[in-house]
Amino acid sequence: MNHQALSSFIWSVADLLRGDYKQSDYGKVILPFTILRRLDCVLEATKPSVLAEFDAKTKAGLNPEPFLVRKAGQSFYNTSSLDLITLLGDQDHIRQNLYAYIQAFSPAARDIFERFDFYTQIERLGKAGLLYLVVEKFANIDLHPNVVDNADMGLVFEELIRKFAEISNETAGEHFTPREVIRLMVNLLFIEDDDVLTPGNAVVRTIYDPTAGTGGMLSVAGEYLSEHNPDARLTMFGQELNDESYAICKADMLIKGQDVGNIVVGNTLSEDGHGGKKFDYMLSNPPFGVEWKKVEKEVRKEAAEKGFDGRFGPGLPRVSDGSMLFLLHLIAKMRPAVDGGSRIGIVLNGSPLFTGGAGSGESEIRRYVLENDLVEAIIGLPSDMFYNTGISTYIWILSNKKPDDRKGWVQLIDASSFWKKMHKNLGSKRKELSDEHIADITRLFGDFSEGDLATVVDVKGKEVERKLLAPGDKAPDAPAGGKVKVAPISRVFKNHEFGYTTITVERPLRDNDGNVVVGLKGKQKGLQQSDSSLRDTENVPLTDEVQSYFEREILPHAPDAWIDHDKSKVGYEIPFNRYFYVFEPPRDLHTIDEELKGVTATIMKMLEELAE
């Protein structure tokens, strides 16, 4: 059963709830029951041996837990003789028995249902006379990993959460990231690490997601590594703010055999659940444009007291958007290069590229990552890729162990045209990346060279061919009446090319007779005074020398101007779209005029036919 058919089947439980539950509350029943049935199926085969072991060790006065984990073959267990199927045999006591069954789970698994406040729902279903019917519905689904693998199970949860979020008018995108975007990020994260991907190398690596959601990023990374090198082991760490998302993530990690103690609940920015830890790989899709006012006190306190010994030393962005705080959080968790280094993949919106002038928090953060040579690449994605927003998004790849050929450089890839239309829109998500798109973007990153994209359109303007062009490649020939558009797709820049110095240009204050006003007292005595109404600022690229720029660009137009060097500030911005803009000259006036005449003639003919 594929994940869409399975989620539709689970969704049919909503028919039972209709009338007794508001639509926005369906998830409070369906999500925990889906997890319960999943755990139920996973433990089914080993239940008899677990129960026998529990009795033996209890009678012997021993702590049964380590023995039960071994017998269950999982990192969790259940000591009740009940399961969802046997619960149906005693309809009159199903509420008490279900409660006892959940209580018999090991503590980590039991915590999942407590996060959902599941006991409240059991009471509510019981009072409405629905509990037996709902248990019966779920008891008839086989959710064993042999039938529904972890990847499909993750997609089922995402599909259900998306539906519940739409009904509740919540933002589904806060909970998870589209799988194809994660696959691209994982490709880019692992591409340079041959030792990890080489089959037979029994390496152990750590991966961390500070905004773990339902655990999709961690899961896809684990699947990718297992596919390429089954002997490698990826230990997963995460933190998640939303209780329900955390519970789903924790259940997924339990079944995968991960240490669920590595998945922490709480606000990453105000209470770092993995303080002091460093990781090999990090992935994150922090919320876009969400203010951090709730945690402002704690963040500012850490920045002031710890500086660069804490997470926020480079600077603080404006309170209206906290996404760059997550970037700093991840950088603080990079393993030192001498110990093997780290690589980071993070999804950000457009504002971290350019928001804030020289000296602002955002500019200082960009300055820190670029001057410390941490940015490997930034990939521009198509709009309408995420469930909760249609804005343009960018994947940043950062590393403190760049290969020699990448040191000192940043690669920009414009993948905004790499998409296919979805068969059915999912919230704001109307586009998706195909496997071919992911492969092309990964190859562009791996080649680390500049390149163009040639798009061939026919006489009707319809796209008929696309071709990636390496330097020196010839563009395809245009078809009859059509044309070929060539635009840059990959560009490479030195780190300092994104930097600039903001200089303050002063002009003298003059009296009514046009004479320069000179200071009469203190430090200003004898110095010409500046006219604030004529004051201006200029951004001088770091690739240019300030004095040369001043003499070349300003003095010819304002011979009496000077620079106030005390006010000069260095800033950094990455005007991504500017580097990929291609000017298309407008059509000539004669062609436009002829088209207008044709349209006018058609309208006149239609009006004449109506008048007859």
Exercise. Go through the steps for D404 and K407 under the test salt bridge (charged side-chain N to carboxylate O under 4.0 Å, His left out), then give the verdict.
Key: CA-CA 5 Å; D404 289 342; K407 287 179 179 173; 3.1 Å; yes
Quiz item: Run the side-chain hydrogen bond (donor to acceptor under 3.5 Å, both in side chains) check on D252 and S219 step by step: do they pass?
Solution: CA-CA 8 Å; D252 191 33; S219 296; 2.8 Å; yes
Self-check item: Verdict with supporting geometry, D544 and R552, salt bridge (charged side-chain N to carboxylate O under 4.0 Å, His left out)
Solution: CA-CA 11 Å; D544 207 341; R552 183 179 70 248; 2.5 Å; yes
Practice problem: Give the intermediate values and the outcome of salt bridge (charged side-chain N to carboxylate O under 4.0 Å, His left out) for residues K402 and E376. | Solution: CA-CA 7 Å; K402 283 188 180 184; E376 276 198 313; over 6 Å; no
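Taking the six-membered ring wherever Trp is involved, the centroid distance between the rings of F308 and Y368 falls below 6.0 Å. Two rings, from F190 and Y281, have their centers less than 6.0 Å apart.
With P488 as reference, V582 is the one residue of L453, V582, D414 to meet the side-chain contact (heavy atoms from CB on, under 4.5 Å) rule. Partner H329 forms a ring pair (Phe, Tyr, Trp, His ring centres under 6.0 Å) with one of Y208, F312, W292 and no other, that one being Y208. Considering E296, R300, E362 as possible partners of L316, the one that fulfils the side-chain contact (heavy atoms from CB on, under 4.5 Å) test is R300.
At least one test fails for R205 against the ring of F237: distance under 6.0 Å to the centre or angle within 45° of the axis.
Between K306 and E302, no side-chain nitrogen of the basic residue sits less than 4.0 Å from a carboxylate oxygen of the acidic one, so the salt-bridge criterion is not met. Under 4.0 Å is where a charged nitrogen must lie from a carboxylate oxygen, and between E506 and K567 at least one such pair does. With respect to R406 and E192, a salt bridge is recorded, a charged nitrogen being found less than 4.0 Å from a carboxylate O. Ion pairing of R343 with D193 is absent here, as no side-chain N (NZ or NE/NH1/NH2) approaches a carboxylate O to less than 4.0 Å. Residues D473 and K467 are not paired through a salt bridge, judged by the lack of any N-O separation under 4.0 Å between the basic side chain and the carboxylate. The pair K429-E432 fails the salt-bridge criterion, with no side-chain N (NZ, NE, NH1 or NH2) lying under 4.0 Å from an Asp/Glu carboxylate O. For K474 and D477, the salt-bridge test passes: some basic side-chain N is under 4.0 Å from an acidic carboxylate O.
Remark: the backbone N or O of S342 is paired with a side-chain donor or acceptor of N400 at under 3.5 angstrom. For the pair E291 (side chain) and K293 (backbone), a donor-acceptor distance under 3.5 Å is absent. Between the side chain of N267 and the backbone N or O of E271 there is no donor-acceptor pair closer than 3.5 Å. Counting only distance, with no hydrogens or angles, the side chain of R535 and the backbone of V505 share no donor-acceptor pair below 3.5 Å.
Taking the side-chain contact (heavy atoms from CB on, under 4.5 Å) definition, one finds that N577 meets it with Y394, sequence neighbours left out. Every residue two or more places apart in sequence or in another chain that forms a salt bridge (Lys or Arg N to Asp or Glu O under 4.0 Å) with E573 is listed here: R578. Residues that satisfy the salt bridge (Lys or Arg N to Asp or Glu O under 4.0 Å) test with E298, not counting sequence neighbours, are absent from this structure.
A side-chain donor from one of T211 and S284 sits under 3.5 Å from a side-chain acceptor of the other. For the residue pair Y549/E538, the side-chain donor-acceptor check at 3.5 Å is satisfied. Side chains of D280 and T206: a donor on one and an acceptor on the other come within 3.5 Å. Side-chain N/O atoms of D321 and S351 include a donor and acceptor closer than 3.5 Å.
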